[in-house]
Chemist: 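Pasting in a structure now, in structure tokens, and then I'll have a few things to ask.
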Amino acid sequence: MMQAPEPRFRFAPSPNGRLHLGHAYSTLLNARIARTLGGQLLLRIEDIDLGRARPEFVAGILADLDWLGLRFDGPVRRQSEHFADYAAARDALAARDLIYPCFCSRGQIAAEVAARQARGAPVSRDPDGAPLYPGTCRALSADARRARIGQGEPHSWRLDMPAALRTLADPLLIRRFSPDDGAEETVSADPARWGDAVIVRRDVPTSYHLSVVCDDAVQGITHVVRGQDLEAATDLHALLQRLLHCPMPAYHHHGLIRAEDGEKLAKSKDSESLADLRARGVTAEDVRARLGFSRLC
Ligand code: GLU
């Protein structure tokens with residue numbers, strides 16, 4: 001009988017700001033489950049957003065994790081060092097006509113959506129609330145695409161969702177696991193609700209969705225533990241895993257740590273960072289106790 005791979009978890013922050021309590025909860029939970037299941041915990045820095053990622057945030061993240069008492073297995077993977085791998089995945093999808101170049105600007109998409117609404121056509125929205133891409137560039141001929149790319153016109157690459165769904169021979173399922181004992185169940189994935197999602201951005205040869213799927217496979221991640229805000233994205237990740245022949249990890253999406261006012265903690269909203277807490281004299285033990293992790297992970 002084939003032996004199950006050793007459980008592997010990861011914490012994958014984006015260095016666009018300092019870590020806050022929500023990140024601390026996520027990484028402590030990863031560490032606790034990894035320890036319970038006798039697995040490893042890896043660290044990945046998701047720095048594909050070259051405009052927002054900053055070296056001082058990476059240094060801050062490493063310092064905060066160290067302060068929390070967390071130790072990671074293996075080398076730290078930095079996504080910005082692996083653009084060639086993501087470009088290879090893009091090319092594989094493009095060669096099978098599963099993604100297509102999209103030349104639309106945000107303004108053009110908004111205008112097209114507004115025009116449809118004005119005509120009384122229904123406008124569906126993705127799980128994040130954004131209107132689904134109306135499919136304008138899906139209709140371009142291969143010659144038109146080549147010519148526009150040849151002229152250097154900026155473009156993203158979008159999933160041809162109907163084409164991708166047609167490749168599925170078996171139902172697309174997501175494996176969910178219990179953080180208490182690792183017990184699994186499966187639920188159906190519904191990637192269609194993302195429409196023709198952007199798989200490769202204009203500015204870099206990847207997107208959050210593509211690099212997360214590639215990296216979870218490359219790093220041999222068996223269990224993904226992350227916040228409920230990313231639960232819907234898992235449907236799209238499951239589809240990309242199938243299209244790219246990547247193994248599918250099991251998932252647990254934890255509840256989000258809320259600020260005192262019930263708002264979601266977000267770096268963009270200037271929630272108090274771990275560094276701020278530390279500067280106020282709060283100890284790592286205090287943070288762990290507040291989040292329900294009194295024992296050191
Ligand atoms: N980099 C993402 C974030 O900081 C997390 C990605 C993931 O866990 O899949 O929100």
Side-chain angles (χ1 to χ4, degrees), residues 7-34 39-54 57-62 64-65 68 70 72 76-83 86 89 127-128 174-177 179 189 191 194 197-199 201 204 206-241 244 246-258 264-271 273-274:
R8 264 204 185 168
F9 296 75
R10 81 323 192 257
F11 178 57
S14 305
N16 306 334
R18 293 299 296 259
L19 298 185
H20 54 62
L21 283 174
H23 296 107
Y25 180 78
S26 202
T27 185
L28 287 164
L29 185 62
N30 265 288
R32 180 158 75 192
I33 305 174
Q40 294 191 328
L41 175 59
L42 278 60
L43 178 62
R44 180 162 82 222
I45 300 292
E46 302 212 320
D47 56 352
I48 61 164
D49 195 334
L50 301 178
R52 291 171 70 212
R54 297 222 300 261
F57 291 143
V58 176
I61 287 172
L62 297 178
D64 291 342
L65 294 173
L68 275 175
L70 287 152
F72 291 86
V76 178
R77 183 173 174 91
R78 292 188 59 150
Q79 291 191 324
S80 59
E81 293 169 0
H82 299 280
F83 283 133
Y86 311 134
D128 288 342
I174 294 171
R175 291 167 50 213
R176 275 197 201 151
F177 75 96
W194 288 100
V198 171
I199 299 301
R201 294 163 32 154
V204 285
T206 190
S207 62
Y208 159 62
H209 301 301
L210 184 61
S211 23
V212 100
V213 164
C214 290
D215 284 356
D216 283 342
V218 167
Q219 293 190 287
I221 302 302
T222 58
H223 293 73
V224 171
V225 176
R226 59 187 177 191
Q228 269 166 359
D229 51 341
L230 291 172
E231 185 155 18
T234 306
D235 293 29
L236 195 51
H237 299 174
L239 178 57
L240 287 173
Q241 283 152 1
L244 291 166
C246 294
M248 179 190 278
Y251 290 86
H252 171 66
H253 293 96
H254 59 76
L256 300 179
I257 301 294
R258 304 264 159 198
K264 184 183 150 189
L265 292 176
K267 289 166 285 194
S268 52
K269 284 192 203 148
D270 272 347
S271 314
S273 66
L274 297 181

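As a basis for the values below, the full set of heavy atoms in this structure was taken, side chains included, without hydrogen atoms, waters or symmetry mates. Since we're looking at a predicted model, the values are computed, not measured. In each ligand, atom 1 is the first atom listed, and ligand 1 is the first ligand listed.
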Chemist: Could you tell me, atom by atom, which parts of ligand 1 come under 4.0 Å of a heavy atom of R226?
Modeler: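 Reading through ligand 1 atom by atom, the close ones are 7 (C), 8 (O), 9 (O).
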
Chemist: If you measure from each heavy atom of Y208 to ligand 1, is any distance below 4.0 Å?
Modeler: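 Yes; Y208 lies near enough to ligand 1 that a heavy-atom distance drops under 4.0 Å.
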
Chemist: Could you tell me which residues satisfy salt bridge (Lys or Arg N to Asp or Glu O under 4.0 Å) with R175, sequence neighbours excluded, listed by chain and number?
Modeler: E184

Chemist: Could you pull out, from E46, H23, R44, the option with a heavy atom nearest to atom 6 (C) of ligand 1?
Modeler: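 Ranked by closest heavy atom to atom 6 (C) of ligand 1, first place is E46.
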
Chemist: Under a 4.0 Å heavy-atom limit, does V224 contact ligand 1 with its side chain, its backbone, both, or neither?
Modeler: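 Looking at V224 and ligand 1, no heavy atom falls under 4.0 Å.
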
Chemist: Heavy atoms only: which of H209, R10, H237 lies closest to atom 7 (C) of ligand 1?
Modeler: R10

Chemist: Identify which one of L29, L21, L28 satisfies the side-chain contact (heavy atoms from CB on, under 4.5 Å) criterion when paired with Y25.
Modeler: L29

Chemist: Using a 4.0 Å cutoff against the non-hydrogen atoms of V212, which atoms of ligand 1 qualify?
Modeler: 9 (O)

Chemist: According to the interplanar angle, ranging from 0 to 90°, do the rings of H254 and H252 count as parallel (below 30°), tilted (30 to 60°) or perpendicular (above 60°)?
Modeler: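 The rings of H254 and H252 sit tilted, inter-plane angle from 30° to 60°.
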
Chemist: After noting the C-alpha distance and the side-chain angles of S14 and R52, does the key distance pass the side chain to side chain donor-acceptor pair (under 3.5 Å) rule?
Modeler: CA-CA 9 Å; S14 305; R52 291 171 70 212; over 6 Å; no

Chemist: Between D47 (side chain) and Q79 (backbone), is there a donor-acceptor pair under 3.5 Å?
Modeler: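 The answer is yes, because a donor-acceptor pair under 3.5 Å joins these two groups.
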
Chemist: Flag A12 as yes when one of its N or O atoms lies below 3.5 Å from any N or O atom of ligand 1, and as no otherwise.
Modeler: yes

Chemist: Below the 3.5 angstrom mark, is there an N/O of S14, backbone or side chain, next to an N/O of ligand 1?
Modeler: yes

Chemist: Is there side-chain contact between L43 and P13, with at least one heavy-atom pair below 4.5 Å?
Modeler: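 A side-chain contact under 4.5 Å exists here.
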
Chemist: Please identify which atoms of ligand 1 are closer than 4.0 Å to at least one heavy atom of L230.
Modeler: 5 (C), 6 (C), 7 (C)

Chemist: Side chains of F9 and R32, heavy atoms from C-beta outward: is any pair under 4.5 Å?
Modeler: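 In short, these two side chains do not touch, never coming nearer than 4.5 Å.
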
